[in-house]
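Remember, it's a predicted structure, so these values are computed and weren't measured experimentally. Only this structure's heavy atoms are used, side chains among them; waters, hydrogens and symmetry mates stay out.
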Amino acid sequence: QVQLVESGGALVQPGESLRLSCAASGFTADYYAIGWFRQAPGKELEGVSCISSADGSALLADSVNGRFTTSIDNAKNTVYLQMNSLKPDDTALYFCAAGLLDLATMVCPMGLPDDYDSWGQGTQVTVSS
């Protein structure tokens, strides 16, 4: 059973940076996708990014492109979400999720919660002055 543990959430001021980590264990597949999602109070779940364990290729939502990056350390089974130039609108509970990679395309499913089978408990990011 895949287990995911997020960490790194905090209260920061606008313009500051944070790095979230997602430590994963229990994979049985050769390749997998890790997605980051977020949910703000009263809003729907939003896909933030995804990354493929096969080649590290990643996709980012338009709302964070240019400010956030995601990376994977396969040796540590850990995925990172580097968040720069944070805005109050980035305030949310951030989740990482794991799912099988489409072996035909090797592209991670961006922003599609139904394609992810395992979810972490979330880590809170609050951006406020």
Side-chain angles (χ1 to χ4, degrees):
Q1 183 178 358
V2 175
Q3 293 187 326
L4 304 167
V5 179
E6 304 98 333
S7 62
L11 169 63
V12 296
Q13 295 189 348
E16 293 186 338
S17 298
L18 271 179
R19 188 178 79 160
L20 305 184
S21 299
C22 173
S25 62
F27 286 111
T28 57
D30 290 334
Y31 301 114
Y32 54 91
I34 296 288
W36 283 98
F37 293 81
R38 66 185 182 184
Q39 189 163 29
K43 295 188 177 181
E44 294 185 353
L45 190 67
E46 176 189 11
V48 177
S49 68
C50 70
I51 191 165
S52 162
S53 73
D55 59 4
S57 58
L59 298 171
L60 292 163
D62 290 343
S63 58
V64 304
N65 199 15
R67 299 187 298 123
F68 292 11
T69 59
T70 187
S71 60
I72 186 168
D73 185 336
N74 282 317
K76 296 181 179 180
N77 279 345
T78 300
V79 172
Y80 304 98
L81 182 67
Q82 178 67 43
M83 306 185 295
N84 300 326
S85 303
L86 282 162
K87 305 175 181 179
D89 284 349
D90 295 318
T91 296
L93 186 62
Y94 284 70
F95 301 90
C96 65
L100 293 177
L101 196 62
D102 184 338
L103 297 181
T105 65
M106 289 301 205
V107 175
C108 57
M110 175 60 203
L112 302 173
D114 290 345
D115 285 351
Y116 294 87
D117 303 311
S118 302
W119 291 76
Q121 294 298 308
T123 185
Q124 179 67 38
V125 172
T126 302
V127 185
S128 175
S129 55

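For Arg19, the salt bridge (charged side-chain N to carboxylate O under 4.0 Å, His left out) criterion is met by no residue, not counting sequence neighbours. Residues passing the side-chain hydrogen bond (donor to acceptor under 3.5 Å, both in side chains) test with Asp90, sequence neighbours excluded: Arg38, Arg67. Take Tyr31 and apply the ring pair (Phe, Tyr, Trp, His ring centres under 6.0 Å) test, not counting sequence neighbours, and it matches no residue. Contacts of Phe68 classified as ring pair (Phe, Tyr, Trp, His ring centres under 6.0 Å), with partners at least two apart in sequence or in another chain: none. Every ring pair (Phe, Tyr, Trp, His ring centres under 6.0 Å) that Tyr116 has, sequence neighbours left out, goes to Phe37.
In this model, a donor atom of one side chain and an acceptor atom of the other lie less than 3.5 Å apart for Ser17 and Asn84. A donor and an acceptor atom, one from each side chain of Glu46 and Ser63, are located under 3.5 Å apart.
Two residues are said to be in side-chain contact when any heavy atoms from C-beta on lie closer than 4.5 Å; Val79 and Ser71 fail this criterion. Between Thr91 and Val125, every side-chain heavy-atom pair lies at or beyond the 4.5 Å cut-off. Counting heavy atoms from C-beta on, the side chains of Asp102 and Val107 never come closer than 4.5 Å. Between Tyr32 and Ser52, every side-chain heavy-atom pair lies at or beyond the 4.5 Å cut-off. Looking at heavy atoms from C-beta onward, Leu18 lies in side-chain contact with Leu86 at the 4.5 angstrom threshold.
Expressed to the nearest 0.5 Å, how far CE of Met106 lies from OG of Ser53 amounts to 8.0 Å. Taking CG from Leu100 and CG from Asp115, the interatomic distance works out to 9.5 Å, rounded to the nearest 0.5 Å. Here SG of Cys22 is found 11.0 Å from CD1 of Ile51. Values are rounded to the nearest 0.5 Å.
Under the 4.5 Å side-chain heavy-atom criterion for ILVMFWY residues, no single connected hydrophobic cluster contains both Val64 and Leu59. Hydrophobic clustering keeps Val48 apart from Phe95 (ILVMFWY residues linked when any side-chain heavy atoms are closer than 4.5 Å, directly or through intermediates). With hydrophobic clusters built from ILVMFWY side chains whose heavy atoms lie under 4.5 angstrom apart, Leu101 does not share a cluster with Met110. Hydrophobic clustering (ILVMFWY, side-chain heavy atoms < 4.5 Å, transitive): Tyr94 and Val2 are in one cluster.
Without hydrogens or angle criteria, Thr70 side chain to Tyr80 main chain gives a donor-acceptor distance under 3.5 Å. Formation of a donor-acceptor pair under 3.5 Å by the Asp73 side chain with backbone atoms of Lys76 is found in this model.
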Please set out all donor-acceptor pairs under 3.5 angstrom arising from side-chain atoms of residues 4-15, sequence neighbours excluded.
residue : atom : partner : partner atom : Å
Glu6    : OE1  : Gln121  : N            : 3.0
Glu6    : OE1  : Gly122  : N            : 2.8
Glu6    : OE2  : Cys96   : N            : 2.9
Glu6    : OE2  : Gly122  : N            : 3.2

Does Ile34 form a side-chain contact (heavy atoms from CB on, under 4.5 Å) with Cys50? I'd like the steps, not just the answer. CA-CA 5 Å; Ile34 296 288; Cys50 70; over 6 Å; no
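Residue Ser57 comes nearest to Cys108 through the heavy atom pair O-SG, 4.4 Å, listed as atom of the first residue, atom of the second, then distance.
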